[in-house]
Amino acid sequence: MKSRYAKIIGTGHYVPERVVTNAEMDARYPEYLAQKGYPLSQWLESNVGIKERRFAAPDQAASDLAAEAARTALAKAHVQPEEIDLLIVATDTPDYLSPATASVVQHKIGAVNAGVFDVNNACAASVTALIIGSKFIMTEQHYNTVLVIGTYAMSKFINWADYKTATVFADGAGAAVLRVADEPGFLSSLIKGEGQYHDYMGIYVGGSYKPPTPERLERGEHYLVFAKRFPPEFNATHWPKLVTKVVEDAGYSVADIDRIYFTQVNLSTIKTVMQTLGLPLERTHWVMDKWGYTGSGCVLMALDDQIEQCRGPKPGDLIVFCTSGGGAAMAAAAFLW
């Protein structure tokens, strides 16, 4: 039987209209300046890399952001919604606890022939979904076109009394169209977990562990929370190992990487990891400076943003995605463009 490969043939992204600047955050949290002696914006820009972020409108759900990104990706790929065989939504801010947000998106974009499901391993979800979608194409004859969308509406879960979350997390979505091909696209992957960190950061009220009782809602327990402090070196330690493993499994070396996209959680960490890998900073791209931290959507958003700037990967380039998130979950993948 002829080999089947999975290639990314189109990308898209969407950010909401509402821009929230660091100046607004300084005004909201004057106590930070009083305590630290410098404004919150100074720390955000010098350490995290965020200058402003986008928040969804009150009537926008994660599915709305996803649908907008999907339409852009489909248009760039010259694919009609009814051609989609499988639609995977990657998110940990779903419209509902149940059913899947993918069902909502399917209806909104008219993907009437698509199978649907969600992936939730926090901010590693979009790359996990790319891996799953690629393997469906490569192993199943009737899956030829897969739409992957990473969408994030974390502003809906922000506790405004907590500046550590309110100033970093934001909203947006990124999408990619995968299609069966005669030449290699998807090459290799690695999905890992460090489950001992499951109770460090998350939204812990709303599921079966802590149902949303009136008392819990009144106490604000349904908001995103940093319950414990992650080891500050976690990503800087794990990301180089993930990247090295996936490129070596694909038959390449780290030096062969043409473009690499990381979880957009901290610019300082990205710079450190690029130095550790021995790669010039020009081979990566970041968007947290203008869009904030967009979790499940961020790597696909970064990829599409770079493509729109005419600085994206060229045919034959080796590209790598490297992500991590709450849980702690991690996923990396290598593709030929």
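Residue numbers start at 1 and run along the sequence shown.
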Within the 4.5 Å heavy-atom criterion, are [X] and [Y] side-chain neighbours or not?
X	Y	result
Leu187	Leu336	yes
Arg28	Tyr163	no
His107	Val104	no
Leu130	Ile132	no
Gln264	Ile270	yes
Ile319	Ile257	no

Ring centres of [X] and [Y] under 6.0 Å apart?
X	Y	answer
Tyr197	Tyr200	yes
Phe321	Phe262	no
Phe186	Trp337	no

Partner of Asp305 under side chain to side chain donor-acceptor pair (under 3.5 Å), chosen from His13, His285, Arg311: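 Looking at His13, His285, Arg311, the match for Asp305 under the side chain to side chain donor-acceptor pair (under 3.5 Å) is His285.
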Pairwise distance CG(Asp118) to OG(Ser98) - rounded to 0.5 angstrom: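 One finds 9.5 Å between CG of Asp118 and OG of Ser98.
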Pairwise distance CG(Leu74) to CD1(Ile109) - rounded to 0.5 angstrom: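 Nearest 0.5 Å value for the CG-CD1 distance: 5.5 Å.
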Taking the side chain from [X] and the backbone from [Y], do they hold a donor-acceptor pair closer than 3.5 Å?
X	Y	result
Asp26	Leu40	yes
Ser324	Ala329	no
Asn113	Asp85	no
Glu68	Leu65	no
Thr284	Leu281	no
Ser134	Ala6	no
Asp95	Ser63	yes
Asn22	Ile50	yes
Lys156	Gln60	yes
Thr213	Arg216	yes

Please determine, by modelled atom types, if [X] and [Y] share a side-chain donor-acceptor pair under 3.5 angstrom.
X	Y	result
Gln306	Tyr261	yes
Gln35	Tyr29	no
Asn235	Thr269	no
Ser188	Asp249	no

Output a table of donor-acceptor pairs, distance under 3.5 Å, between side-chain atoms of residues 168-178 and any protein atom two or more places apart or on a different chain; print 'none' if there are none.
{"residue": "Asp171", "atom": "OD1", "partner": "Met154", "partner atom": "N", "Å": "2.9"}
{"residue": "Asp171", "atom": "OD1", "partner": "Ser155", "partner atom": "N", "Å": "2.9"}
{"residue": "Asp171", "atom": "OD1", "partner": "Ser155", "partner atom": "OG", "Å": "3.4"}
{"residue": "Asp171", "atom": "OD2", "partner": "Ala56", "partner atom": "N", "Å": "2.6"}
{"residue": "Asp171", "atom": "OD2", "partner": "Ser155", "partner atom": "OG", "Å": "2.5"}

Candidate pair Phe55 and Trp160, rule ring-ring contact (aromatic ring centres under 6.0 Å, His included), full reasoning: CA-CA 13 Å; Phe55 284 165; Trp160 284 99; 5.8 Å; yes
Stepwise side chain to side chain donor-acceptor pair (under 3.5 Å) check, Thr128 with Asn121: CA-CA 8 Å; Thr128 302; Asn121 54 342; 2.8 Å; yes
Step-by-step ring-ring contact (aromatic ring centres under 6.0 Å, His included) determination, Tyr209 to Tyr204: CA-CA 8 Å; Tyr209 170 63; Tyr204 293 109; 7.4 Å; no
Ion pair Asp199/Lys228, N-O distance below 4.0 Å: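 Salt bridge present between Asp199 and Lys228.
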N-O pairing of Glu31 and Lys36 below 4.0 Å: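 Salt bridge: no.
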Around atom [atom1] of [X], are there more than 12 heavy atoms from other residues, nucleotides or ligands closer than 6.0 Å?
X	atom1	answer
Glu140	CD	yes
Lys245	NZ	no
Glu233	CD	yes

Val146/Leu87 under side chain to side chain contact (heavy atoms under 4.5 Å, CB included): CA gap, chis, key distance, verdict: CA-CA 6 Å; Val146 176; Leu87 192 164; over 6 Å; no
Worked verdict on Phe234 versus Met330 for side chain to side chain contact (heavy atoms under 4.5 Å, CB included): CA-CA 11 Å; Phe234 186 89; Met330 293 166 277; 4.1 Å; yes
Parallel, tilted or perpendicular, as decided by the 30° and 60° cut-offs, for the rings of Phe117 and Phe136: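 If you compare the ring of Phe136 with that of Phe117, the planes turn out tilted.
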Met25 with Phe226, same ILVMFWY side-chain cluster at under 4.5 Å: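 Yes, it is one cluster - the side chains of Met25 and Phe226 are joined through contacts under 4.5 Å.
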Pairs touching residues 51-67 that satisfy salt bridge (charged side-chain N to carboxylate O under 4.0 Å, His left out), sequence neighbours left out: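 Listed by first then second residue: Asp64-Lys108.
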